[in-house]
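Sequence lines set the chain letters: A, B, ... in the order given, protein chains first and strands last, and positions in each chain run from 1. Just so we're clear, the structure is a prediction, and the values are computed from it rather than from any experiment.
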Amino acid sequence: MTSPRLRFAPSPTGYLHVGGARTALFNWLYAQQSGGTLILRIEDTDQARSTDAHTQVILDGLTWLGVTWDEGPYFQGADGPRHRADAERLLRTGKAYRCFCTKEELEAARQASPGGADTYKYDRRCHRLSAEAIDQRVLAGTPFVIRFLMPDEEIAWDDAIHGRISFQGRDLDDLVILRTNGTPIYNLAVVSDDVAMRITHVIRGDDHISNTPKQIALYQALGAPLPVFGHVPMILGPDGKKLSKRHGATAVGDYQAQGIIPAAMRNFLALLGWSPGDDREIMPEADLIAAFSLGAIQKKAAVFDVTKLEWMNGQYLSALPAASIEGLIAAHLADLGVALAGRDLRPAIDAVKSRARTLTQLAERVAVRLDPSRAALEPKGEALITKMGPAYAASLRLAIEALGTIPDAEWHPEPILAAIKRSAEAAGIKLGDAMQPIRVALTGDTVSEPVNELVAVVGKATVLARLAVVLGRA
RNA sequence: GGCCUCAUCGUCUAACGGUUAGGACACCACCCUUUCAAGGUGGUAACACGGGUUCGAUUCCCGUUGGGGCUACCA
């Protein structure tokens, strides 16, 4: 068998959604594993909704994810002549026919359908037209579409993921394959392209299952060999409904902006609807490629669990050397308005990287260390202070007093810890109750590196000033 | 409505007729840290329902129920 040829074929009518990204990833994993070729094809035949900006976003998203393609991007819109030729070939061989019905007539017929518009199926009235009647209309310049004559037979295939799926041709409509204006309809364009590109494996979303019998009929009418079809399940929102904008972030770019790193996203997406069959979860790219198989893909739709994605991202972050994410953190800090002035961020990153789940969160924690004056007092910090209650102010007073007695020369983690400890003991409160208010005052957050280390790094003057300011607000 | 499809903890999943139904996220408890996290240990939690087939069904078959997809001169 020759090496597999796969394709990912998004339409540039929106951003790259996680569902599409996962489909692309599965195609890529299979291609990598089998030594196959992955082709990127932009399906832009819907000119009204397609934009170059969307195309670019999709390309960027795939690149960010690490899903590389071997050929393309090809643009479907460029192959109009071939699509048209295929339609005309079907017309010549009697596998398709001209339909002169207008949209208005069809709409009226739909409405008049006994079971309502939903049960309507084209009645083939134009297929019954005599040759003379057809010639007459063509000569008169009457506009027409080309309809495919759906064969009345069983259409079935062995799906790489679902197993055998079969449809009855009689349940399918005579679909339009070429519009009045000579442009192709999706199902024709896809088949024409997949045949021309010699695609051997069509791995796409579940929502295409009902398109597949139509496309198979088209392959057969065109006399082309069938590829392997595999339909991957949908991705759902937390409410079990198809993932959409109202669920919040659905585009790959959204997660990039939130500080998810590509390796974590790739790992998470790969495990959504697929598993290596054992207990592995954190899997490097090479392991993913080695273990992947279409047959192990889940049949059922999966809920996109952002919390687990963030956990996984945190795992990747804490395993990464600080130097490898310094640049990304610097970019996030710039967004936060923190002056870098050529400072070495690595010590700060190392101090907090195991405490953050996203780059954004990591950057915020690095930021308070670099510039405590920007500590997120509001609204998160304010809420925390309120929540901590009256004991909070008392603890802060204690802290100011205790830290104030430390000589500048002894401003190091150990003496600082000792001072706080003494103060807590004297006041009869637990060390944690003495520490946490300082942490919140300095960072506006409940999580940070050890308080005494943080206090040491930030510096005496800044710490005392900061605590006084917060005390004033408490 | 019609056609298609799916069904294991709240979520992601393992199991390919015989298991105390395993792992992960989340949650809870404890340990570690004279502090938050991280980490470690343990715990709560699932085979949708009803019929078959079988010595034996989470697993195979049928049905019910409940999801999802499609049903355009969109893709």
Enumerate the residue pairs fulfilling salt bridge (charged side-chain N to carboxylate O under 4.0 Å, His left out) with a member in residues 6-17 of chain A, sequence neighbours excluded, ordered by first and then second residue.
A/Arg7-A/Asp194
Can you tell me how far C1' of B/rA24 sits from CD of A/Glu310, to the nearest Å?
16 Å
Nearest-Å distance once atom C1' is located in both B/rU65 and B/rG51
14 Å
Just to verify, what does A/His127 make a ring-ring contact (aromatic ring centres under 6.0 Å, His included) with, not counting sequence neighbours?
A/Tyr97
Please report the distance, rounded to the nearest Å, between CG in A/Leu178 and C1' in B/rA72.
15 Å
So, using side-chain hydrogen bond (donor to acceptor under 3.5 Å, both in side chains) as the criterion, who are the partners of A/Tyr74 when residues are at least two apart?
A/Glu71
Expected string for nucleotides 2-14 of chain B under the B/S/- scheme (protein heavy atoms, under 4.0 Å, primed atoms plus P, OP1, OP2 as sugar-phosphate) is -SSSSSS--SBSS
What nucleic acid atoms does A/Val176 come within less than 4.0 Å of, heavy atoms only: base, sugar-phosphate, or nothing?
sugar-phosphate
Strand contacts (RNA chain B) in residues 183-193 of chain A, 4.0 angstrom heavy-atom criterion:
A/Ile185, A/Tyr186
One thing to verify: whether A/Arg422 and A/Glu425 come together as a salt bridge, which I'm taking to mean a side-chain N less than 4.0 angstrom from a carboxylate O.
no
Residue pairs passing the salt bridge (charged side-chain N to carboxylate O under 4.0 Å, His left out) test where at least one lies in residues 260-274 of chain A, sequence neighbours excluded
A/Arg266-A/Glu285
I'd like to know if A/Asn211 reaches the base of B/rA75 with its side chain, counting only an N/O donor and acceptor under 3.5 Å.
yes
Rounded to whole angstrom units, what separation is found between the NZ atom of A/Lys241 and the P atom of B/rG66?
13 Å
Name the nucleic acid region contacted by A/Lys430, choosing base, sugar-phosphate or nothing; use a 4.0 angstrom heavy-atom cut-off, strictly under.
nothing
Distance check, P atoms only: B/rC47 and B/rU58, in whole angstrom units.
11 Å
Integer angstrom distance from the C1' of B/rC9 to that of B/rU5:
24 Å
Once salt bridge (charged side-chain N to carboxylate O under 4.0 Å, His left out) is applied, what residue pairs with a partner in residues 172-186 of chain A remain, sequence neighbours excluded?
A/Arg124-A/Asp174
State which residues pass salt bridge (charged side-chain N to carboxylate O under 4.0 Å, His left out) with A/Arg170; sequence neighbours excluded, sorted by chain then number.
A/Asp152
Residues passing the side-chain hydrogen bond (donor to acceptor under 3.5 Å, both in side chains) test with A/Asn452, sequence neighbours excluded, are none
What's the separation between atom CZ in A/Arg346 and atom CD1 in A/Ile329, rounded to the nearest 0.5 Å?
13.5 Å
Under 4.0 angstrom, heavy atoms only, what part of the nucleic acid is A/Arg280 near: base, sugar-phosphate, or nothing?
nothing
Protein-proximity profile, nucleotides 36-50 of chain B, B/S/- by nucleotide at the 4.0 Å heavy-atom cutoff, equals BBSS-----------
Scan A/Lys242 against the nucleic acid and name what it touches under 4.0 Å (heavy atoms): base, sugar-phosphate only, or nothing.
sugar-phosphate
Rounded to whole Å, CG of A/Asp174 lies from C1' of B/rC73 at a distance of 14 Å
Donor on one side chain, acceptor on other, A/Asn27 and A/His201, under 3.5 Å
no
Salt bridge (charged side-chain N to carboxylate O under 4.0 Å, His left out): pairs with one or both residues in residues 306-320 of chain A, sequence neighbours excluded
A/Glu281-A/Lys308
If the C1' atom of B/rU54 is compared with that of B/rU71, how far apart are they to the nearest Å?
41 Å
Got a sec, which pairs hit ring-ring contact (aromatic ring centres under 6.0 Å, His included) with one end in residues 289-310 of chain A, sequence neighbours left out?
A/Phe26-A/Phe292, A/Tyr255-A/Phe304, A/Phe268-A/Phe304, A/Trp274-A/Phe292
Mind checking A/Asp173 for me? I need base, sugar-phosphate or nothing, with any heavy atom below 4.0 Å counting as a touch.
nothing
With a 4.0 Å cutoff (strictly under), does any side-chain N or O of A/Arg204 reach OP1 or OP2 of B/rC70?
no
What's the CD1-P distance between A/Ile216 and B/rC70, to the nearest Å?
18 Å
